[in-house]
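Worth knowing before you read on, the calculation uses all heavy atoms, side chains too, and leaves out hydrogens, waters and symmetry mates. Keep in mind it's a predicted model, so treat the numbers as computed, not measured.
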Amino acid sequence: MKIIVLLGVFVLGRHLFAKWCRRRDIEAATQPPPSTSSHINETPMTSTSSSTHRWEYNVFLSFRGEDTRHSFTDHLYNALCDKGIYTFMDDKLRRGEIISEELLKTIKRSMISVVVISENYASSKWCLEELVWILECWKNLGQLVLPVFYGIDPSEVRKQEGKLGVQLAEHEKNLKIEKGKVQIWRAALKEVGSLSGFHFDNDCPESKFIQRLIEWISNTTLNRTRLFVAKYPIGVDSHATKIEEHLNIESNDIRMVAIHGLGGIGKTTIAKAVYNKIVGGFEGSLFLENVKERSRTNDGIIQLQEILLSNILRDGNLKVDNISRGINVIKERLCHKRVLLVLDDVDEQKHIENLLGKCDWLTPGSRILITTRDKDVLNTLEQDLLIYEIDEMDQSEACELFSLYAFQKNEPEEAYLQLTNQIINYANGLPLALKIIGSDLRRKSLSQWESALEKYKKIPNKEILKVLEMSYEGLDQSEKDIFLDIAFFFIGKNKDDVVNILKACHLFPNYGIPKLIDKCLITIDHWGNLSMHNLLQQMGEEIVQRESPHVLGERTRLRDYADACTVLTGNTGTNKIRGLMLYPPKPVTLKLHAQAFKKMQTIKFLIVKNVHIHGCLEYLPNSIVLLDLANCSVSLPSDYCPQQLVYCNMPHSNIRIHKLFKQVLHFENLKGINLGGCEYIQKLPKLWAPNLEKLNLSYCTNLVEIHELAGFADKLKILNLSGCKKLRALPRRLKFKSLERFYLSSCESIEELPELCAPNLERLRLSSCKNLVKVHESIGLLDKLVDWDLKDCGKLQTLPRRLQLKSLQCFTLSHCTSLENFPDIDTEMKCLLLLYIEGSGTRELPSSRYTSLERNFLDSIYKFQNITFLGISTNLPRPSCNSFDGCVGYSFPQLNTLNLFGENVTELDFLEFDCFPALTCLVLQNTSTITISESFIKFTTLIALDIFDCKHFEEIQGLPQSLIHLNARNCPSWNRKSSNKILCQVIAKKIVKWKQVGESQGVLADRVHEGERNQLHSDESSPSLYHSTGYFQAPGFEIPDEFNHQNDGNSTSFLVGRNSRCIPLAVCVAFGPTNESYQLEVDFVVNGCLEIKHSELYLIRSESCHLLFISNPMSKWEEKLRDSNLSKQSHFEVICRIKMYNAFSYGEPTDPTTIPKKLGVLVECICCPHKSSVPDSLPLLPLFPTSCNEGDSVHAIAMETTNTTGFEYDLKGFHGDLNMSLSVPIDPEVHPLIPLPYSSNMDHEAFETVSDLGHLKDFRNDGYDLSLSLNDLDARKRATSGP
């Protein structure tokens, strides 16, 4: 009996589903297109809709069959077909007024509707209904409507006079026609009569009239034909959508957008995609390709003007005799039309001017799209213009595009994976290079790939080079020199330094570098360093190689190690060499020819790195501007006179500074000296370098004194004396007008910092000056000082009595153990953000645990109302009031990080959320704290909690839900049971919360269509779901039971369906005790291929066993799961790898005792569906809203079972709704009875329909669980009608 009921439900569902499908098709066909919100009826023939509708037919012919079927319309149809214009003509005689679904669909899918209005047109109810539908499509789908008035005057149609008026009157008398229908027809006729069209009144031969019609239609269809975008438009649509948003075609203003980027980056491709999206909404449109190339001659410019006019005006006879006249003709003829114009590849302002003049005549609603490599072209336009920058493809897009060209699929073949990655790195996200190289390597063997890759690195592809070199050819000679100098010698160098160097070479870099940036030839990163696409750098090398393909010494620049080595050892250089770099990949010892530089009299740049020069140099040209000789062990020639030198970079060299910079010479050009680590320097001599900006003598361990700074003090900005351990004597008064940074860290012999007059000083570093006792009062008056570091100055006793440092943001006094008095704080010191005072002061008061320094400091601490970081070694005094509003003077409203250090920190009672409302990070290090109380859950802003080396710490009694990072180590008193219980609760609550967010955003896979999933995943508006992560590390060894996949060792695996639930995945790893620190790497492997790697995880040495929790959203996995190439289930493996790590190296041999003892994963999978540990916190609800209210749930009928032995049911009170959930193994013989909306070989599927009596509303099947829902109409009525 039970099986019969179940089968009955299945059969009923199948029947209802089939019925619903039929009704859905009818509704879809007859549903009119949605109205646009802003319809502008400026043209009688074109809708302004921005629809991207795809046309099936070029032309749809609407006509009165009895009038013209076998005459005019037939002739027109044949003429259109002869021209290749795909036309639909209904050749069946229609009677009545009901139009078939197929015919309505045909009208919607036609680009142009030609309405042939003849004298009996209005007598046909069919024709009138067809006309109404045509006008709806015109308004809402961007179609064109062309009325042809055949033997009837357009005014008769508008005014509905004559025979047409009589026909309409007859319809009004017909009682069978529903009320109001004739008025709709009249409105449609009036509207079509107002449109401009063609009028035939036997005043010319019919054949000529049809020829005119054909010409117009041909031009129109050609103008509205979508452009071919790309064979594989990877990443194009996302850019096109953003640009479309900037163009905002619904707005009636004039908008211009420029797409700017490197050659080959895809500007033209993206512009075509944008054009296709919006072309339907304008009176005229044109995509003018290769404007730069076609504008090289006057004839070419005139031809462009004629193309523009003829395409927009649809008149092929328009001619222009000169450029100036053409500009005015375009303005006069197009100034009343809403146009879409794309100017592709513009690199001069006159290219725009020749076509659009001043752009001041454009009609509101017009849109101009420009693609260019040169941003400077756009600066002179009078119209406001938005610039959209195109960046290189990311790794994922680049891999997909390359794979499609190389393998004809969107992933590389496994055998080619390593080479594919190398090629992608070489192409560096340039679509042109990926396309050309991918096509070139298609169907080639591995050995051919390897050979080709080596060739590409040495000899760039000519097609790629040709495109890139176009931008270079547009430069003048000085700009070309700047580009080549940067490409060879200055990638990664600071822009200001390079400007100083190139300025000394008379190359005008302040003008040239911005121009190179505008042309996308170079970029400047966040730190002000120069960078360049590696293919552009290779292009520069190719250009220089052409100067002398076979004679190395005849080239202007040398940077290849083998080439430079050949020239220097063989003494084959010439005066043509402008710069030379000798930089092998590994350290080498090299003996140069003693006269190697003798013939290079004009050399400007000499860079030698990683080379130990053996022998001597007898000659060095005085023309050198940049001398970069790190670790130089040879003496420089005695007659070398570096007066043109701008930068001298010779760290760790055997240099005598008094011999290099002779006192009798003036060094006007000198901007920077770096002699750090030069042990032979004992004294800084007098140096006349009035423009010197940087002086680095750090770690000159034998430097003893600095006496005279007058010769270079005025413009000096950076002075670095850090690590000069023997430096004792500084001038009694230091005066620097321009000094911004002064570094004296680890100057262990300095006892007193003298008077310092440096009004522009921003950073003063004095950390680890172990014998520093006193700091001069003048330091307290440096009102531009931002960062002052005195950490680990153990003998420091005296600071300035009063601090008036109104710009100070960071003040470090950590471990200044002899400092007893904290200075008075001026009321103007309101900028302080970071204060480190932990471990300072040694004396304790009898009645308090505060040190004397801290007692004095605490009197002032609450003055720092803007402080964001505080490090201290004591409990803070409890504010004297209980409410935050009353504690304005005794709270830290901006503090986000609190670091409590040392045994004096005992209790955390002073930590009240009202006094620390912005706290996000709390660090307890070596404190005497025992517990974190339950009241800690009030800290709803807390994200991170670190507990290090706290010997007495026992347990955490409460944690806020906001916490995503916990790291507890070396806490021997830790109560694992209670604390881990709290941790597990936090993790469990997080998972519930993430699931709730997923439900509310409609991303649970068993509730959403695949297409809707893709749309939701592309939406970046859900950071709470897709960017939440967690990291919990604490003593313990038991993995919580919530983790449904557990395994001994360092890995575990499971199966995930294509539509598995989109909750985050959580990983828990149990470790044993370790005396080393490690870097962790958690790898997620899908079907044997590494997909996601987490490597920014660190395990610090700890004496106890501990657990590591990590959580990660599944959105990245789903990008792979949504790939159609994947099977319905995928094998996932999680592996935890460990590498020994220190501050400088990774990858040391792993200690076997530290391998993870156990690994657990919490994930929604398909291998154990009945053991899911994720609680269902939300009821099963449809994703899309229906007419049901919450109250309907009272009347819902639900049945659920987990086996086949039986199920309970109750249909009492059922009036059309049924909500049933069954869990039974589906037999293959029963499968055909199940009304699946898609194929039956799926994991989970879902579909939604209109809620209606007798219609299937929700159905799911995954092989075990079956859910069937119908709506209770009576319940809905009761809910909506009220009591």
task = Apply salt bridge (Lys or Arg N to Asp or Glu O under 4.0 Å) to E119 and R64, showing your working.
result = CA-CA 9 Å; E119 61 178 4; R64 182 72 170 104; over 6 Å; no
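- Between the CG atom in L80 and the CD1 atom in I217 there is a gap of 5.0 Å [rounded to 0.5 Å].
- Here CG of L304 is found 10.5 Å from CD1 of I302. Values are rounded to the nearest 0.5 Å.
- Residues K108 and L104 have side chains not in contact (no heavy-atom distance under 4.5 Å, counting atoms from C-beta outward).
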message = Using side-chain contact (heavy atoms from CB on, under 4.5 Å), reason through L61 and T73 one step at a time and then give a plain yes or no.
response = CA-CA 8 Å; L61 291 178; T73 303; 4.1 Å; yes
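- No donor-acceptor pair closer than 3.5 Å links the side chain of E389 to the backbone N or O of I259.
- The line from CD of E206 to NZ of K208 is 13.5 Å long, rounded to the nearest 0.5 Å.
- Residues Y388 and H239 bring their aromatic ring centres within 6.0 Å.
- Between F72 and F209, the angle of the ring planes lies from 30° to 60°, which puts this pair in the tilted group.
- Note that the CD1 atom of I117 and the OH atom of Y150 stand 14.5 Å from one another [nearest 0.5 Å].
- Annotation: side chain of Q305 is in contact with side chain of I330 (closest heavy-atom distance under 4.5 Å).
- You'll find the ring centres of Y405 and Y232 inside the 6.0 Å limit.
- Between T372 and D374, the side chains place no donor N or O within less than 3.5 Å of an acceptor N or O (distance only, hydrogens not considered).
- Judged purely by atom type and a 3.5 angstrom limit, N290 has no side-chain atom pairing as donor or acceptor with the backbone of E293.
- Under the 4.5 Å side-chain criterion, counting only non-hydrogen atoms from C-beta, N354 is not in contact with S295.
- One finds no salt bridge joining E66 and R69 here, because no Lys/Arg side-chain nitrogen approaches an Asp/Glu carboxylate oxygen to under 4.0 Å.
- Listed for the W133 side chain is no donor-acceptor partner under 3.5 Å among the backbone atoms of L103.
- Side chain of S110 to main chain of S113: no donor-acceptor pair is present (N/O by atom type, distance under 3.5 Å, no hydrogens or angles).
- Residues D345 and T371 bring no donor and acceptor atom of their side chains to less than 3.5 Å of each other.
- Atom CD1 of I352 sits about 10.0 Å away from atom CG of L341, to the nearest 0.5 Å.
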query = Where do K181 and K125 land on the side-chain contact (heavy atoms from CB on, under 4.5 Å) test, with the steps shown first?
reply = CA-CA 10 Å; K181 178 73 74 172; K125 297 186 286 294; over 6 Å; no
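- Listed for the S310 side chain is a donor-acceptor partner under 3.5 Å among the backbone atoms of I307.
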request  = Apply side-chain hydrogen bond (donor to acceptor under 3.5 Å, both in side chains) to the pair Y57 and T106, showing each step before the final yes or no.
outcome  = CA-CA 8 Å; Y57 293 95; T106 302; 5.3 Å; no
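- Judged purely by distance below 3.5 Å, without hydrogens or angles, the side chains of S251 and D253 pair a donor atom with an acceptor atom.
- The backbone N or O of V339 sits nowhere less than 3.5 Å from a side-chain atom of E283 that would complete a donor-acceptor pair.
- The shortest side-chain heavy-atom distance between R373 and M470 falls under the 4.5 Å cut-off.
- The environment of K272 atom NZ is dense: over 12 non-hydrogen atoms of other residues, nucleotides or ligands sit within 6.0 angstrom.
- Checked for salt-bridge contact, D237 and K242 miss the test: no charged N lies under 4.0 Å from a carboxylate O.
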request  = Take I112 and V145 through the test side-chain contact (heavy atoms from CB on, under 4.5 Å) and record every step on the way to the result.
outcome  = CA-CA 6 Å; I112 304 172; V145 177; over 6 Å; no
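- Nearest heavy-atom pair across H171 and S124 is NE2-N, 4.5 Å.
- Remark: of the listed residues W138, F88, Y77, F88 is the sole one forming a ring-ring contact (aromatic ring centres under 6.0 Å, His included) with F60.
- Looking only at side-chain heavy atoms (C-beta outward), E348 and K292 stay at 4.5 Å or farther from each other.
- For CD of Q408, the number of neighbouring non-hydrogen atoms (other residues, nucleotides, ligands) closer than 6.0 Å is greater than 12.
- Crowding of D384 atom CG: a count of heavy atoms from other residues, nucleotides or ligands under 6.0 Å not exceeding 12.
- Atoms CG and CD1, on L135 and I184 in that order, are 12.0 Å from each other to the nearest 0.5 Å.
- Distance alone, capped at 3.5 Å, is enough to place a donor-acceptor pair between the R255 side chain and the H246 backbone.
- Nearest heavy atoms, E156 versus G162: OE1-CA, 4.4 Å.
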ask   = After noting the C-alpha distance and the side-chain angles of L146 and F198, does the key distance pass the side-chain contact (heavy atoms from CB on, under 4.5 Å) rule?
value = CA-CA 8 Å; L146 177 64; F198 288 80; 3.6 Å; yes
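- Two residues are said to be in side-chain contact when any heavy atoms from C-beta on lie closer than 4.5 Å; S123 and N120 meet this criterion.
- Side-chain contact between F287 and L227: present, with at least one pair of heavy atoms (C-beta onward) separated by less than 4.5 Å.
- A distance-only check finds a donor-acceptor pair linking the side chain of R158 to the backbone of G193 [under 3.5 Å].
- The one candidate from V132, L128, I134 that meets the side chain to side chain contact (heavy atoms under 4.5 Å, CB included) condition with E130 is I134.
- For the pair I249 and I278, the minimum side-chain heavy-atom distance is below 4.5 Å.
- Here the closest heavy-atom approach between residue T269 and residue A230 is recorded as CG2-CB, 3.8 Å.
- Under the 3.5 Å distance criterion, the side-chain polar atoms of E56 are left unmatched by any main-chain donor or acceptor of I107.
- Between the side chain of R367 and the backbone N or O of N248 there is at least one donor-acceptor pair closer than 3.5 Å.
- Note on R186 versus E172: salt bridge recorded, some NZ/NE/NH1/NH2 to OD/OE distance being below 4.0 Å.
- By the 4.0 Å N-to-carboxylate-O rule, R294 lies too far from E289 to be salt-bridged with it.
- Of the options W126, W185, Y121, a side chain to side chain contact (heavy atoms under 4.5 Å, CB included) to L131 is made by Y121 and by none of the others.
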